[in-house]
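Reviewing the structure listed below.
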Amino acid sequence: MFLPALSLLFLIPVPSFADTSGSIAVTLVYTNGDTADYWPVSLTIYQDSSQTPYKVIESITGNPFNIVSLPINHQYKIVAYANSMYSSVAYVDLQQQQQDVTVNLPLPGGMRINAFYSDGLTPIANATVDVRAAQDNKTWGNSITNADGDSLRFWIEPTTSPGDHYIVDVRIGNHLAYSYSPVYLRPGIAQEIKITTNWPPIVDSLVTAKVLDAQSHLVVPTDGKFSVSLFDSNGNKISESPVTSRGEAYFSNLKVGDYTFKVIKTDDNSEWATASVTEDGTITTFQIMQNQNATVPTTIAPAGQPTSSPAGTIVSQKPSIPNCNCVAFRLDGVQDYWLDNVQVKIIDSFDSKDAGITVGIIGKAFGNDSKLVNYLKSKVQDGNIDVAINGWSFEDFTTFTKDQQSNLLQESKAKMSSILGVTPTVFMPPYEKTNDDTVYAMASNNIGIISGSPTLKIPQDLANKTYSYPANVFSGVLAQDTNQSMLNDKILSSINDTIRANGYAVVTLNFQDYAQGNATAKTNTPDMEKIQNLQLLIDNIRNSGYRITTISNMANMFKPQAPWATSAFQWSHDKISSTEFLNAVKSMLPQGASNSIPIYNFTTIPSWVKHTASLQSQGLISDDEFLSAIEYLVKVQAIR
């Protein structure tokens with residue numbers, strides 16, 4: 001007896017994603033047993049016998065790192081690369097929803113560059129050294145040479161695979177570059193790499209500057225008296241030469257590098273012309289024309305390298321940077337089950353101090369862990385906890401079309417809204433990879449804030465609708481032996497520098513760094529020493545005068561601070577008494593507002609107003625909203 005074809009269809013089990021998708025927690029360990037640094041590591045995952053990558057993770061965000069959304073009942077080959085070099089491989093037969101694997105990486109090698117001029121004896125001081133991988137041209141080391149021509153020592157991945165090697169670029173100024181390759185590095189060993197460039201230590205030839213008038217004729221005595229001043233790349237005057245009757249000035253014993261030549265008409269001390277010249281040891285003659293910048297040959301930097309404005313060009317003063325005087329923390333990769341006790345403890349460290357934090361949730365990997373879900377549900381309504389989309393399955397958005405990106409955002413947004421009852425307005429792109437389509441996809445989903453790469457440029461037509469607040473302070477790998485007090489000092493110093501440069505700071509946290517563990521595994525137990533130091537960091541930031549807010553509320557912080565804002569902040573954090581704050585309340589009220597009640601010296605204020613003041617200090621409510629609330633409480637004599 002044969003069943004109809006339609007009936008057969010109903011006998012075929014339909015797979016459910018919840019039953020067939022799993023994850024692999026990858027722990028990186030050096031061959032000596034130490035926990036490996038994860039920041040330079042990328043992973044390529046192959047499924048079964050396929051030679052085509054199933055998933056590529058260009059930059060992992062923690063150690064261990066959880067690879068999510070992997071179909072179970074498959075074998076996976078995980079290839080690790082560090083500093084773009086092949087590092088190691090591991091294999092996993094994924095038969096359950098969560099499995100662990102340890103990947104053993106070779107110890108980094110220590111490379112120090114010794115840069116010399118062409119004689120091989122004279123060191124090149126103050127040169128810029130870049131170490132980049134030949135495979136993808138990524139730069140993994142940067143340093144300035146000291147007086148002995150030595151760079152810092154770069155501890156980076158050794159070259160253990162055939163064909164892998166580094167390229168070292170030595171630069172003087174903005175236009176001179178010398179590339180040296182191949183450079184090979186052995187594991188666990190400090191190596192000295194001597195590079196002898198083709199630049200002479202001193203230019204032996206006489207360098208002649210020909211001074212021309214506007215008609216390209218050499219100047220003559222009837223044009224006036226002239227001199228040429230020579231300045232180095234830092235604007236320091238190092239030499240001067242009179243212009244001869246033949247219209248020429250002469251310079252000798254120059255080093256290679258960038259120079260500015262200024263022609264001064266000594267009759268009235270006016271500037272006649274300016275030329276920017278890059279001396280590479282071959283330039284012996286160049287022209288400076290009246291009212292023009294240099295028309296001289298220069299050594300061109302290699303393709304893809306930045307250039308700068310010619311020396312002597314007047315650069316307008318950098319405009320003042322809007323400053324919110326605020327710090328936002330973001331917790332990346334929040335997901336079900338994996339180290340959820342640690343995730344909760346980090347978030348609670350902020351909530352217990354009435355401080356804001358933005359949690360980036362991986363949409364597809366969230367919603368089934370009742371412990372994590374119920375905790376976040378109870379906290380997001382208070383305003384301190386801000387949720388952001390950290391991808392649907394932590395994918396590279398640039399590999400999708402605009403419509404596909406929009407669908408991924410829509411799915412994540414709908415799921416978070418349904419589960420947590422809040423609608424995310426912040427997107428934290430996985431691997432910080434975005435393109436213009438990403439920003440348009442955000443706009444179509446009413447997601448107006450992105451915290452991704454600092455190089456992201458918002459399309460012009462969305463400039464007033466989309467705000468970019470990239471992470472610009474990284475807490476670093478919290479190794480077991482890290483001095484936590486020193487680490488806090490470094491983070492706070494970085495925050496200070498970043499706020500001076502950008503007007504705000506966004507600090508990235510990885511919850512894996514706050515879990516207990518040994519050299520091979522992390523456990524779902526918070527490391528309380530690190531948690532306590534995180535709480536101390538929160539206090540130190542506030543004591544430095546900065547406000548801690550969430551990324552979604554950062555845009556509201558870029559406004560002139562109200563004159564009473566400091567008092568509100570100090571009172572909300574128990575830095576001043578209620579009596580002192582009540583004295584400040586008078587200055588908050590419009591002229592005559594207090595005259596409608598008989599008490600002029602306020603002595604009473606409800607204790608719950610302190611929480612409202614805390615919300616104002618974090619930017620969670622506006623100055624106007626807080627001021628309106630104070631005025632109302634005065635009118636109804638709740639403040640009296």
Side-chain angles (χ1 to χ4, degrees), residues 25-44 57-65 77-91 100-116 129-146 148-170 179-195 474 476-483 486-487 490 510 512-513 517-522:
V26 177
T27 299
L28 305 174
V29 179
Y30 290 129
T31 50
N32 67 351
D34 288 348
T35 300
D37 198 353
Y38 62 80
W39 72 268
V41 175
S42 64
L43 301 175
T44 301
I57 301 170
E58 293 194 4
S59 178
I60 67 174
T61 56
N63 185 17
F65 178 80
K77 174 183 176 182
I78 303 171
V79 182
Y81 298 86
N83 302 113
S84 306
M85 305 292 158
Y86 170 83
S87 185
S88 186
V89 64
Y91 298 88
D100 300 332
V101 67
T102 298
V103 179
N104 294 298
L105 308 184
L107 286 169
M111 178 195 304
R112 182 168 67 177
I113 307 304
N114 319 125
F116 290 87
V129 171
D130 292 315
V131 178
R132 53 190 170 96
Q135 293 81 284
D136 57 11
N137 213 37
K138 287 185 177 178
T139 298
W140 294 105
N142 175 269
S143 171
I144 303 297
T145 58
N146 61 19
D148 296 323
D150 296 336
S151 72
L152 296 176
R153 190 176 299 281
F154 309 112
W155 288 94
I156 52 181
E157 187 69 12
T159 52
T160 58
S161 179
D164 281 2
H165 65 274
Y166 292 100
I167 301 171
V168 176
D169 297 320
V170 179
S179 294
Y180 178 86
S181 68
V183 176
Y184 301 105
L185 192 59
R186 297 188 295 274
I189 298 175
Q191 294 176 232
E192 304 293 326
I193 309 296
K194 180 177 179 179
I195 297 178
F474 299 91
V477 181
L478 303 178
Q480 296 295 330
D481 57 352
T482 298
N483 184 314
M486 287 179 60
L487 182 67
K490 290 180 180 179
N510 294 295
Q512 302 95 315
D513 294 336
N518 49 43
T520 59
K522 293 286 188 178

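Basis for what follows: all heavy atoms, side chains included, without hydrogens, waters or symmetry-related copies.
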- Message: Other residues, nucleotides and ligands only: do more than 12 of their heavy atoms fall within 6.0 Å of OH on Tyr30?
- Response: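 Atom OH in Tyr30 is packed in, count exceeds 12.
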- Using side-chain hydrogen bond (donor to acceptor under 3.5 Å, both in side chains) as the criterion, point out the one residue from Asp169, Asn83, Thr139 that pairs with Arg132.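 Answer to the side-chain hydrogen bond (donor to acceptor under 3.5 Å, both in side chains) test with Arg132 among Asp169, Asn83, Thr139: Asp169.
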- State, to 0.1 Å, how close Asp37 and Val41 come at their nearest heavy-atom pair, and which atoms those are.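 Closest approach of Asp37 to Val41: O-CG2, 3.7 Å.
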- Item | Taking every non-hydrogen atom, the tightest pair across Asn63 and Ala36 |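 Closest approach of Asn63 to Ala36, heavy atoms only: ND2-O, 3.0 Å.
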- Message: Using side chain to side chain contact (heavy atoms under 4.5 Å, CB included), reason through Thr160 and Met85 one step at a time and then give a plain yes or no.
- Response: CA-CA 8 Å; Thr160 58; Met85 305 292 158; over 6 Å; no
Nearest-0.5 Å distance, [atom1] of residue [X] to [atom2] of residue [Y]:
X	Y	atom1	atom2	answer
Lys194	Asp150	NZ	CG	11.5 Å
Asp164	Tyr184	CG	OH	9.5 Å
Gln135	Ser84	CD	OG	6.5 Å

- Query: If we only count heavy atoms from C-beta on, is the Phe65 to Val103 side-chain gap below 4.5 Å?
  - Reply: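 Sidechains of Val103 and Phe65: no contact.
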- Task: Report the C-alpha separation of Asp148 and Asn146 in whole Å, then their side-chain angles, then the decisive distance to 0.1 Å, and conclude whether the side chain to side chain donor-acceptor pair (under 3.5 Å) test is met.
- Result: CA-CA 5 Å; Asp148 296 323; Asn146 61 19; 4.7 Å; no
- With Thr145, which residues qualify under side chain to side chain donor-acceptor pair (under 3.5 Å), at least two apart?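 In terms of side chain to side chain donor-acceptor pair (under 3.5 Å), with neighbours along the sequence ignored, Thr145 is linked to no residue.
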- Go through the structure and list residues passing salt bridge (Lys or Arg N to Asp or Glu O under 4.0 Å) with Arg186, not counting sequence neighbours.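 Here no residue qualifies.
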- Once the angle between the rings of Tyr86 and Tyr81 is folded into 0 to 90°, is it parallel (under 30°), tilted (30 to 60°) or perpendicular (over 60°)?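 Aromatic pair Tyr86/Tyr81 classed perpendicular.
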